[in-house]
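Heads up: the structure comes next, in structure tokens.
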Amino acid sequence: MLTANDPSRKSWIEVPAGSDFPIQNLPFGVFLANDDHVSIGSRIGNTAIDLAALHQLGYFEGISLPEDVFLQDTLNDFITLGKPTIRQVRNRLAEIFDANNDQLQSKAEQREVVLFPVEELQMLMPVFIQDYTDFYSSREHATNVGIMFRGKENALMPNWLHLPVGYHGRSSSIIVSGENIHRPMGQMLAPGAEAPVFGPSKAMDFELEMGFITTDGKPLGDRISTGEAEDYLFGMVIFNDWSARDLQRWEYVPLGPFLGKNFGSSISPWVVTFDALEPYRTARPKQEEPKPLPYLECAPNTSYDIKLEVYLQPEGGEENLISESNHKYLYWTMVQQLAHHTVNGCNINAGDLMASGTISGPEPKNYGSMLELSWKGDKPLKLSDGSERKYLLDGDTVIMKAFCDNGTQRIGFGEVRSKILPAKA
């Protein structure tokens with residue numbers, strides 16, 4: 001039972017109007033408190049909850065939890081416990097912080113060790129990401145890029161409508177929101193040139209994505225079907241998959257992305273569970289021409305109505321809203337991505353991250369990358385300070401936000417924010 005999702009539930013912790021984190025959310029993350037202790041936590045409004053302290057005080061009595069599960073510096077051990085136990089913990093948190101429950105509310109000394117203002121905390125990487133896969137699942141994005149480089153007649157590659165295209169990315173360079181990123185160096189081939197040159201990328205870009213984090217999967221050699229896939233999905237984060245388009249253009253044939261992608265990706269620190277997202281399920285795009293092979297067939301309501309926004313803030317300037325998209329635009333859903341990923345027997349582990357690929361929609365305002373927004377640099381983007389962008393400049397900060405809002409309730413992810421620093425010499 002998803003008792004934590006009760007839309008009528010109120011918390012005794014203050015929740016500001018428009019907050020991404022009402023009591024119905026209860027995401028999970030890892031933070032460093034001002035006394036230098038690391039803890040796994042949750043959040044309501046602008047208040048972080050120390051789950052290790054709650055556990056030590058006996059508030060999870062009756063739930064089978066290892067004594068030190070919330071004293072780790074990542075969520076991996078907690079995720080390994082599986083969705084039923086995670087659901088129990090989330091439901092218990094909803095009970096503890098319900099406005100009608102004074103069990104903790106009336107104990108000032110306990111509140112002092114359990115609750116922290118989020119502005120006093122340093123958010124850390126929520127999981128140890130052993131493996132990271134990036135998909136290419138937005139039909140609109142793939143079509144736009146195909147038109148730019150191959151023309152309308154050959155926009156989509158022959159395999160695209162038959163399977164979720166993806167590649168195995170570099171997990172060691174994934175960073176948490178708030179960490180800045182240096183412009184990468186590499187080889188580039190200028191238009192009309194015969195030989196490449198080496199230097200800092202001149203076509204730095206973002207990619208608006210969402211990522212999902214898995215629980216432990218099946219043994220090596222076994223498959224996860226689309227019908228089983230949701231049992232292995234823990235939660236979601238916002239994902240900015242930075243790209244150096246000029247490096248990528250020169251290197252990607254024949255083996256695909258390498259230095260143009262592996263220099264860094266940024267994720268939001270709070271992992272929103274699929275249980276919290278349950279009220280926001282929605283229909284996926286129709287897949288009829290061609291019809292997917294049987295192992296990729298799935299229920300129609302396996303997508304989520306998650307609104308996405310991208311802001312660009314020049315050095316010392318204001319935030320400019322430059323893109324508005326939605327997770328529901330993705331052609332291939334997460335259950336299809338996981339089923340395809342494991343159909344050959346590939347195993348998954350708790351904390352693995354799988355990203356959606358750039359999420360673009362049908363209108364120009366829905367495009368999820370500078371490559372599309374400026375149409376390969378042919379239509380520079382104008383900002384409020386009068387400056388223009390074909391691609392990102394040093395000093396630019398990119399902010400991505402994601403939230404569900406059905407008119408009566410909002411469940412959000414917070415933001416992922418990173419600034420571009422000059423290339424290192």
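Just so it is clear, the structure is predicted and the values come from calculations on it, not from any experiment. Numbers for residues simply follow the sequence, beginning at 1.
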Given the options V127, V176, I267, V272, V237 meets side chain to side chain contact (heavy atoms under 4.5 Å, CB included) only with I267

[X] side chain to [Y] backbone, donor-acceptor under 3.5 Å:
X    : Y    : result
N91  : A4   : yes
D246 : M188 : no
D352 : N349 : yes
R43  : T47  : no
S39  : G41  : no
S177 : P269 : no
D77  : L75  : no
E251 : F258 : yes
S374 : K390 : yes
T215 : I79  : no

Report yes or no: do [X] and [Y] form a side-chain donor-acceptor pair below 3.5 Å?
X    : Y    : value
S360 : E140 : no
E179 : S418 : no
D131 : H168 : yes
D275 : N5   : no
Q287 : Q336 : yes
S325 : N366 : no
S384 : E318 : yes

Taking the six-membered ring for Trp, are [X] and [Y] parallel (under 30°), tilted (30 to 60°) or perpendicular (over 60°)?
X    : Y    : result
F31  : W270 : tilted
H341 : F135 : perpendicular
H340 : Y295 : parallel
Y167 : Y132 : perpendicular

Residue pair [X] / [Y]: nearest heavy atoms and the distance that separates them:
X    : Y    : answer
M204 : Y391 : O-CB, 3.3 Å
T342 : I224 : OG1-N, 3.1 Å
L383 : P314 : CD1-CG, 3.7 Å
R223 : V343 : NE-O, 3.0 Å

Check the pair L57, V113 against side-chain contact (heavy atoms from CB on, under 4.5 Å), reporting the backbone distance first and the verdict last. CA-CA 10 Å; L57 292 168; V113 298; 4.2 Å; yes

As an exercise, state the distance from [atom1] of [X] to [atom2] of [Y], rounded to the nearest 0.5 Å.
X    : Y    : atom1 : atom2 : answer
R183 : L421 : CZ    : CG    : 10.0 Å
D405 : I411 : CG    : CD1   : 10.0 Å
M210 : M400 : CE    : CE    : 11.0 Å
L312 : L381 : CG    : CG    : 7.5 Å
F263 : S201 : CZ    : OG    : 7.0 Å
E309 : I399 : CD    : CD1   : 11.0 Å

Verify side-chain hydrogen bond (donor to acceptor under 3.5 Å, both in side chains) between D20 and N25, making sure each step is shown before the conclusion. CA-CA 8 Å; D20 280 352; N25 192 339; over 6 Å; no

Heavy-atom check, side chain of [X] versus side chain of [Y], under 4.5 Å:
X    : Y    : value
H162 : P290 : yes
Y232 : L338 : yes
T358 : D241 : no
I23  : L93  : no
S42  : P27  : yes

Heavy-atom count check: over 12 atoms from other residues, nucleotides or ligands less than 6.0 Å from E120 CD? yes

More than 12 foreign heavy atoms under 6.0 Å from CD of E67: is that the case here? no

Exactly one candidate in T74, D73, T80 meets side chain to side chain donor-acceptor pair (under 3.5 Å) with N76; the answer is T74

Is the shortest distance from a Lys or Arg side-chain nitrogen in [X] or [Y] to a carboxylate oxygen in the other one below 4.0 Å?
X    : Y    : value
E415 : R417 : yes
R245 : D205 : yes
E230 : K83  : no
E228 : K218 : yes
E372 : K379 : no
D396 : R389 : yes

Is the charged tip of K261 near the ring of Y252: under 6.0 Å from the six-membered ring centre and within 45° of its axis? no

Should the pair K401 and Y311 be classed as cation-pi, given the thresholds of under 6.0 Å to the six-membered ring centre and 45° from the axis?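 Verdict for Y311: a cation-pi partner in K401.
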
What do the steps show when you test Y136 against W332 for ring pair (Phe, Tyr, Trp, His ring centres under 6.0 Å), and what is the final call? CA-CA 9 Å; Y136 190 51; W332 295 107; over 10 Å; no

Is there a side-chain hydrogen bond (donor to acceptor under 3.5 Å, both in side chains) between T408 and N406? Walk through the geometry before answering. CA-CA 6 Å; T408 58; N406 58 15; 3.0 Å; yes

Quick one, H55 with D68, criterion side-chain hydrogen bond (donor to acceptor under 3.5 Å, both in side chains). Give me CA distance, side-chain angles, the key distance, then yes/no. CA-CA 9 Å; H55 193 17; D68 63 349; over 6 Å; no

How far apart are the C-alpha atoms of F234 and F212, what are their side-chain angles, what is the distance that settles it, and do they pass the ring pair (Phe, Tyr, Trp, His ring centres under 6.0 Å) test? CA-CA 7 Å; F234 167 60; F212 67 87; over 10 Å; no

Please test W242 against S265 for side-chain hydrogen bond (donor to acceptor under 3.5 Å, both in side chains), starting from the C-alpha separation and ending with a verdict. CA-CA 5 Å; W242 298 100; S265 303; over 6 Å; no

Measuring centre to centre across the rings, with the benzene-like ring taken for any Trp, is F28 within less than 6.0 Å of F78?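 When the ring centroids of F28 and F78 are compared, they turn out to be within the sub-6.0 Å range.
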
Examine Y304 together with F274 and report whether their ring centres are nearer than 6.0 Å.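 Judged by ring-centre distance (under 6.0 Å), Y304 and F274 do meet the cut-off.
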
